[in-house]
Structure formats: structure tokens, C-alpha cells
Amino acid sequence: MSQYPMTVQGAEKLRAELNELKTVRRPRIIQAIAEAREHGDLKENAEYHAAREEQGFCEGRIQDIEGKLSNAQIIDVTKMANNGKVIFGTTVTILNVENDEETTYRIVGEDEADIKNNLISVTSPIARGLIGKELDDVVTIQTPVSPVEFEIIAVEYL
């Protein structure tokens with residue numbers, strides 16, 4: 001099995017969701033199934049079928065999270081010396097050379113990515129173009145429209 005990079009915060013978030021599913025949602029679903037069974041005929045019992053379907057989704061998500069956590073390579077950049085190099089987990093501020101627009105991204109695992117919060121996946125074109133580069137480097141990243149040049153103006157190991 002290959003390992004997948006994940007930040008400490010991403011792993012904590014998955015563990016919290018797993019705990020919620022196992023300790024809150026699973027018992028609630030079991031209770032709903034028990035109540036639906038008390039109503040009698042299961043063939044035409046919509047509440048029973050809905051609860052069983054929810055149970056299937058819940059158990060699937062539990063297995064998915066457990067699998068991700070077991071194959072996670074948790075990387076904590078705060079414990080590394082900041083040498084100005086862009087690596088997984090770093091927070092990078094880039095400057096668009098054409099329009100002087102500044103953007104800050106944090107490079108995270110695929111499951112943690114959330115572009116609205118400037119969390120980009122390590123497999124995204126921007127992250128792939130930045131990883132391995134250093135502070136003050138100018139990189140060209142291919143966008144859907146055309147290549148765009150960015151200057152790396154800050155690299156933080158937060």
C-alpha cells in the first residue's frame with residue numbers, strides 16, 4: 001500500500017469525524033433501526049429502509065476514514081527548519097508577476113484541499129509547480145488559459 005501525505009490538522013479532523021461517527025451517529029442509527037423494527041412489517045417500512053441506508057453510508061465512511069488514517073503519512077512542517085524551500089504542508093505566498101496580485105496557499109493532502117480556504121491539494125497544478133522551489137524563485141504555472149508567472153515571496157512552515 002502506498003502512503004498518502006496528510007498534515008497534522010487534517011489527521012486530527014479525520015479522527016474527530018471518525019469519533020463522531022462511531023460514538024454519536026452509529027448508536028443513533030442503531031436506535032432508529034430498533035424503533036423501526038418495532039413497527040412491524042419490514043418490507044413496507046420506509047423508516048427501517050431509510051435507517052438501514054443511513055447505516056450503510058455511515059459504515060462506509062468509517063471504513064474510508066480508517067483506511068485513510070492507516071495509510072497516512074502525517075507530516076508536521078512546524079518541526080522542520082524553514083530553509084525557504086516549498087514542501088508539503090508549507091504556506092506559500094505568491095505574487096502574480098503580470099498583475100501584482102498576491103495569493104497565499106497552504107499545500108495539503110488531497111482530502112484536506114479546500115480552495116475557498118486557500119488549502120490546495122499537493123497534486124494540484126499550482127502545488128506541483130511550487131514544490132521544490134525556493135523563496136524569491138519565479139515559477140511558470142500552466143493555467144487553463146495560458147502560462148502564468150508567479151514569484152514566491154514568502155514560505156512559512158506553520
Side-chain angles (χ1 to χ4, degrees), residues 1-94 102-134 139 141-144 148 150 152 154-158:
M1 288 246 179
S2 59
Q3 291 199 319
Y4 302 100
M6 187 178 294
T7 63
V8 173
Q9 295 85 352
E12 287 172 0
K13 188 175 176 185
L14 278 181
R15 283 189 194 105
E17 182 182 352
L18 183 62
N19 186 47
E20 166 82 12
L21 289 170
K22 285 183 169 183
T23 61
V24 176
R25 194 163 169 203
R26 183 189 269 170
R28 185 176 43 83
I29 293 169
I30 291 170
Q31 181 64 35
I33 290 172
E35 288 174 12
R37 278 190 174 150
E38 291 175 5
H39 295 290
D41 186 15
L42 298 180
K43 286 182 183 175
E44 296 178 15
N45 189 332
E47 294 159 352
Y48 173 78
H49 292 290
R52 291 287 296 180
E53 186 173 329
E54 186 180 2
Q55 182 182 37
F57 287 127
C58 180
E59 295 302 323
R61 183 66 182 150
I62 288 171
Q63 287 180 347
D64 185 42
I65 293 172
E66 287 175 341
K68 287 175 182 173
L69 287 173
S70 69
N71 292 321
Q73 178 184 5
I74 299 172
I75 300 169
D76 187 359
V77 293
T78 61
K79 294 189 176 11
M80 299 177 189
N82 186 344
N83 59 5
K85 193 170 194 170
V86 179
I87 59 172
F88 177 86
T90 55
T91 301
V92 184
T93 303
I94 54 177
E102 226 178 82
T103 311
T104 302
Y105 293 114
R106 181 154 187 237
I107 301 173
V108 297
E110 289 183 23
D111 293 319
E112 304 169 74
D114 180 2
I115 194 64
K116 291 178 184 171
N117 292 317
N118 290 344
L119 301 173
I120 59 171
S121 167
V122 67
T123 59
S124 70
I126 294 173
R128 285 194 316 245
L130 293 172
I131 287 185
K133 305 298 189 272
E134 295 182 6
V139 296
I141 297 174
Q142 183 64 43
T143 64
V148 179
F150 294 98
I152 300 172
V155 178
E156 299 170 283
Y157 287 43
L158 304 174

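Rounded to the nearest 0.5 angstrom, Q63 CD and R61 CZ are separated by 12.0 Å. Annotation: the span from F150 atom CZ to T143 atom OG1 amounts to 7.5 Å, rounded to 0.5 Å. Distance CD/E59 to CZ/R25: 10.0 Å, rounded to 0.5 Å. Atom OG1 of T91 and atom CG of L158 lie 4.5 Å apart (nearest 0.5 Å). Between atom CD1 of residue I126 and atom CD1 of residue I115 there is a gap of 6.0 Å, rounded to the nearest 0.5 Å. A distance of 9.0 Å separates CG of L14 from CD1 of I74, quoted to the nearest 0.5 Å.
For the pair S121 (side chain) and T123 (backbone), a donor-acceptor distance under 3.5 Å is present. Checked by atom type and distance alone, the side chain of T23 pairs as donor or acceptor with a backbone atom of N19 at under 3.5 Å. The main-chain N or O of T104 is found under 3.5 Å from a side-chain atom of N118 such that the two form a donor-acceptor pair. A donor-acceptor contact shorter than 3.5 Å is absent between the side chain of D111 and the backbone of G10. A side-chain donor-acceptor contact under 3.5 Å links N82 to the backbone of V155. Under the 3.5 Å distance criterion, the side-chain polar atoms of N83 are matched with a main-chain donor or acceptor of K85.
When all heavy atoms of A127 and V122 are compared, the closest pair comes out as CB-O, 3.7 Å. Taking both residues in full, the closest heavy atoms of Y157 and A81 are given as CE2-O, 3.6 Å, listed atom of the first, atom of the second, then distance. Minimum heavy-atom separation, F88 to V108: CE1-C, 3.2 Å. Of all heavy-atom pairs spanning A72 and Q3, the tightest one is O-NE2, 4.1 Å. In this structure, G129 and V139 approach most closely via the heavy-atom pair O-CG1, 3.9 Å.
The side-chain contact (heavy atoms from CB on, under 4.5 Å) test with I107 is passed by exactly one of V86, V77, T7: V86. Partner R106 forms a side chain to side chain donor-acceptor pair (under 3.5 Å) with one of E156, E112, Q9 and no other, that one being Q9.
E66 has a carboxylate O that lies under 4.0 Å from a charged side-chain N of K22, or vice versa, which qualifies the two as a salt bridge. Salt-bridge check for E54 with R28: passed, with a basic side-chain N closer than 4.0 Å to an acidic carboxylate O.
Inspection of the Q31 and E35 side chains reveals an N or O donor paired with an N or O acceptor under 3.5 Å.
Annotation: side chain of I141 is not in contact with side chain of V148 (no heavy-atom distance under 4.5 Å). Between R52 and I33, some side-chain heavy-atom pair lies under the 4.5 Å cut-off.
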Test log, rule side-chain contact (heavy atoms from CB on, under 4.5 Å), inputs M80 and I87: CA-CA 11 Å; M80 299 177 189; I87 59 172; 3.6 Å; yes
